[in-house]
Amino acid sequence: MTRVELCVKMKEAIENIDFKGSYLDSCQYGSGHINDTFLLRYKNEKGSVTNYILQRMNHEIFRNPEQLMENIAGVTKFLRNKIEQNHGDVNRETMNIIPTKTGCSYFKDSIGCYWRGYQFIENTICYDTVKNPDDFYQSAVAFGNFQCQLADYPAKTLHETIPNFHHTPIRLENLKKAIKKDLLGRVKEVKREIEFVLEREDFTHILMASYAQGKLPLKVTHNDTKLNNILFDRDTKKALCVIDLDTVMPGFSVNDFGDSIRFGASTGAEDETDLSKVNFDLDLYRLYTKGFLAGCKGSLTDTELEMLPVGAKMMTLECGIRFLTDYLEGDTYFKIHREKHNLDRCRTQFKLVADMEKNWEAMKEIVRSYCKM
Ligand code: ADP
Ligand code: GN1
Ligand code: MG
């Protein structure tokens, strides 16, 4: 879609979603890899400005946006009740959908794109890297708590918004298919990366095998627990709201733990090109473990606890595999902002995997130390 087309469709969405006040302007917002996010400004009756979030959902990735929005509507309503019971702020501690003028949770435009509106959560900050270790700790408590809050959510009613999202062996199969096709002739450049993955093929099966043996339970999980999927309160500096609920579905708790570690317990950005700057930070791992276990409030089984380090390495390896696959397939999934962006991202992930392997015993010991408390 061209920029002009996008603007036309955006106008259609703006007219149909029940934003209150008179429209002032809009701009692109945030640094997510998947949806198109905009900040809208409205002038309200009192003359002051109300902000809203408008998102064009990526329906190539989320093949069934209706079902996805049914999940989000259900989960946010459930969270609102929990927050209310705890005397929290229902407008700031969870996402709130702005329905369309006909009361639907999403708007489908005339060319079949799906849009949704959210209340903008004011006075918050979103971090793309860990600047202050306490923020990372706070995010750990928030993601642990999120899982705990949803522990009694009727999981069977949730749709699988992306089938096999964290099924690592299937991710590896997809990579193998991309290697075979070699659409853009890029395989020759990434021989080392491919070898790195194939050497770890057995590892990719660990979680699925444990689940198949009835050891690892299925929980309601977030599945995309990057630090920038949390909003922090600007004043209190506390993690306030878990966002980006597109992938909330049944999954493994250890993967929620793991995805945060791969993104946050790194000394470099996800797309850093200088790999000497990218190291696994054991102190941040320790801090996150402490916070996540505090947030989960004793709800993890012994198998889940034991497998937390596996979750960390699994999510990092899997994400690297996904970036590499997308690179070979011509960068159609993750938004890229420069040439070889996905390859750079893949390399940081594999660097972290290698670092985790060097720190494996220490990672296990850290989990054990917090379980004894
Ligand atoms: P993506 O799936 O593309 O990552 P997100 O739902 O995570 O999209 O949104 C992208 C960014 O927009 C977030 O990282 C955050 O900075 C901002 N954002 C999203 N929703 C809100 C909201 N309700 N209030 C304030 N900021 C928001
Ligand atoms: C995507 O949507 P966003 O930017 O929060 C992706 C995650 C990846 C992440 C890598 C639906 O997350 O799975 O781990 O990029 N989300 C989806 O940064 O694929
Ligand atoms: Mg996001």
Side-chain angles (χ1 to χ4, degrees), residues 19 26-41 50-63 65 68-69 71-72 76 91-98 115-129 139 143 160-168 171 174 221-234 240-249 251 255-256 258-264 266 269-272 314-326 331-337 341-342 344-346 348-349 352:
F19 299 118
S26 62
C27 62
Q28 256 187 325
Y29 196 73
S31 52
H33 293 341
I34 303 296
N35 296 301
D36 291 324
T37 304
F38 304 91
L39 173 69
L40 308 185
R41 295 192 323 133
T50 305
N51 295 311
Y52 292 104
I53 286 286
L54 174 68
Q55 278 183 328
R56 185 171 74 104
M57 290 181 257
N58 190 325
H59 68 266
E60 270 152 28
I61 289 177
F62 298 105
R63 292 303 178 97
L68 181 152
M69 287 311 290
N71 278 3
I72 295 188
T76 50
N91 289 317
R92 302 189 77 235
E93 292 173 30
T94 182
M95 300 291 275
N96 284 279
I97 299 170
I98 308 285
W115 299 79
R116 64 181 166 212
Y118 282 122
Q119 278 180 26
F120 181 80
I121 306 177
E122 294 289 349
N123 206 29
T124 57
I125 322 177
C126 190
Y127 300 107
D128 281 315
T129 53
S139 75
F143 279 127
E160 210 181 345
T161 55
I162 299 181
N164 301 315
F165 189 56
H166 284 322
H167 192 308
T168 314
R171 295 292 189 180
N174 292 342
T221 46
H222 183 280
N223 295 306
D224 189 2
T225 51
K226 290 202 290 197
L227 182 66
N228 68 11
N229 284 330
I230 295 246
L231 298 178
F232 289 80
D233 187 293
R234 218 176 258 279
L240 178 69
C241 181
V242 172
I243 64 168
D244 204 344
L245 307 178
D246 295 331
T247 49
V248 174
M249 14 177 198
N255 285 343
D256 268 9
D259 199 38
S260 295
I261 296 297
R262 73 146 198 97
F263 190 81
S266 166
E270 188 182 69
D271 60 355
E272 174 60 59
M314 191 69 76
M315 283 301 92
T316 316
L317 182 63
E318 182 191 279
C319 203
I321 291 174
R322 292 173 62 198
F323 288 140
L324 184 57
T325 308
D326 200 29
D331 309 301
T332 57
Y333 188 96
F334 297 103
K335 283 189 191 148
I336 56 162
H337 306 292
H341 206 165
N342 274 318
D344 295 337
R345 289 170 176 152
C346 153
T348 63
Q349 301 309 291
L352 291 172

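We number each residue from 1, following the sequence as shown. Read the numbers this way: they start at 1 and go in the same order the structure lists the ligands and their atoms.
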Atom indices of ligand 2, in the order listed, that fall short of 4.0 Å to a heavy atom of D244: 2 (O), 3 (P), 5 (O)
query: What is the nearest protein non-hydrogen atom to atom 2 (O) of ligand 2, stated with its residue, atom name and distance?
result: I34 CG1, 3.1 Å
statement: The atoms of ligand 1 lying under 4.0 Å from a heavy atom of N229, numbered in the order shown, are 7 (O)
- request: Measure across D256 and H222 and return the closest heavy-atom pair with its distance rounded to 0.1 Å.
  value: OD2-N, 2.8 Å
task: For ligand 2, indicate whether the residue F165 contacts it via side chain, backbone, both or neither (heavy-atom separation under 4.0 Å).
output: side chain
Backbone or side-chain N/O/S of D224 under 2.8 Å of the Mg ion (ligand 3): no
- prompt: What protein heavy atom sits nearest atom 14 (O) of ligand 2, and how far away is it?
  reply: R262 NH2, 3.2 Å
- prompt: Any N/O of L231 closer than 3.5 Å to an N/O of ligand 1?
  reply: no
message: Taking N, O or S atoms only and a limit of 2.8 Å, check whether N228 reaches the Mg ion (ligand 3).
response: no
message: If you compare all heavy atoms of N223 against all heavy atoms of G251, which two are closest, and at what distance to 0.1 Å?
response: OD1-CA, 4.3 Å
field: Enumerated ligand 2 atoms positioned under 4.0 Å from heavy atoms of N229
entry: 5 (O)
task: Specify the closest pair of heavy atoms between N35 and N58, including all atoms of both residues, with the distance to one decimal.
output: OD1-N, 3.1 Å
- line: for atom 4 (O) of ligand 2, nearest protein heavy atom and its distance come out as H33 N, 2.8 Å
- request: Find out whether F232 and L227 are in side-chain contact, i.e. whether some heavy atom of one side chain is under 4.5 Å from a heavy atom of the other.
  value: yes
- request: Have a look at ligand 2 and work out which part of H166, if any, has a heavy atom under 4.0 Å from it: side chain, backbone, both or neither.
  value: neither
- prompt: Does any N or O atom in S31 lie less than 3.5 angstrom from one in ligand 1, N or O only?
  reply: no
- prompt: With atoms numbered from 1 as shown, which atoms in ligand 2 lie under 4.0 angstrom from a non-hydrogen atom of C319?
  reply: 14 (O)
statement: Between N51 and E122, the two heavy atoms sitting closest are ND2-OE2, 2.8 Å
task: Classify the side-chain pair T37/Q55 by whether it contains a donor and acceptor separated by less than 3.5 Å.
output: yes
message: In this structure, does ligand 1 have an atom that sits under 4.0 Å from one of the heavy atoms of E122?
response: no
query: How close do N228 and D128 get, heavy atom to heavy atom, and via which atoms?
result: ND2-OD1, 2.8 Å
- line: Quick look: I243 vs ligand 1, heavy-atom contacts under 4.0 Å, and the answer is side chain
- prompt: Is the shortest N/O to N/O distance between R116 and ligand 1 below 3.5 Å?
  reply: no
query: Do any N or O atoms from the side chain of D233 and from the backbone of L240 form a donor-acceptor pair under 3.5 angstrom?
result: no
query: For T348 and E272, which heavy atoms make the closest approach, and how far apart are they?
result: CG2-O, 3.3 Å
task: Run the numbers on D246 and L68 for side-chain contact (heavy atoms from CB on, under 4.5 Å), then give the verdict.
output: CA-CA 6 Å; D246 295 331; L68 181 152; 3.5 Å; yes
- line: G32 heavy atoms within 4.0 Å reach ligand 2 at atoms 4 (O)
task: For atom 13 (O) of ligand 2, grab the closest protein heavy atom and report residue, atom and distance to one decimal in Å.
output: R322 NH1, 2.8 Å
query: Considering only the protein, which heavy-atom contact is closest to atom 9 (C) of ligand 2, and what is its distance?
result: K226 NZ, 3.7 Å
- prompt: Applying the ring-ring contact (aromatic ring centres under 6.0 Å, His included) test to F120, which of F19, Y29, Y52 qualifies?
  reply: Y29
field: Pair R345-I336, side-chain contact (heavy atoms from CB on, under 4.5 Å): steps then yes or no
entry: CA-CA 10 Å; R345 289 170 176 152; I336 56 162; 3.9 Å; yes
message: For R345, which part has a heavy atom under 4.0 Å from ligand 2: side chain, backbone, both, or neither?
response: neither
query: Looking at C126, which atoms of ligand 1 are within less than 4.0 Å of one of its heavy atoms?
result: 14 (O), 15 (C), 16 (O)
query: Polar-atom distance check: T124 versus ligand 1, any N or O pair below 3.5 Å?
result: no
- prompt: Heavy-atom contact under 4.0 Å between Q119 and ligand 1?
  reply: yes
statement: Counting from 1 in the order shown, the ligand 1 atoms closer than 4.0 Å to a non-hydrogen atom of M95 are 20 (N), 23 (N)
- request: If you have a sec, work out which protein heavy atom is nearest atom 11 (C) of ligand 2 and how many Å separate them, to one decimal?
  value: F62 CZ, 3.6 Å
- request: Provide, to 0.1 Å, the distance between atom 16 (N) of ligand 2 and the closest protein heavy atom, together with that atom's residue and name.
  value: D224 OD2, 3.4 Å
message: Under a 4.0 angstrom heavy-atom cut-off, which atoms of ligand 2 come close to Y333?
response: 11 (C), 17 (C), 19 (O)
task: Could you list the atoms of ligand 1 found under 4.0 angstrom from a heavy atom of Y29?
output: 12 (O), 17 (C), 26 (N)
- prompt: Going by distance alone, is a donor N or O of one side chain under 3.5 Å from an acceptor N or O of the other, for N174 and T325?
  reply: no
field: Ion pair E270/R262, N-O distance below 4.0 Å
entry: yes
- prompt: Is ligand 2 under 4.0 Å from a heavy atom in the side chain of N35, in the backbone, in both, or in neither?
  reply: neither
message: Using a 4.0 Å cutoff against the non-hydrogen atoms of F323, which atoms of ligand 2 qualify?
response: 10 (C)
query: In terms of side-chain heavy atoms, does D331 have a donor or acceptor partner in H341 at a distance below 3.5 Å?
result: no
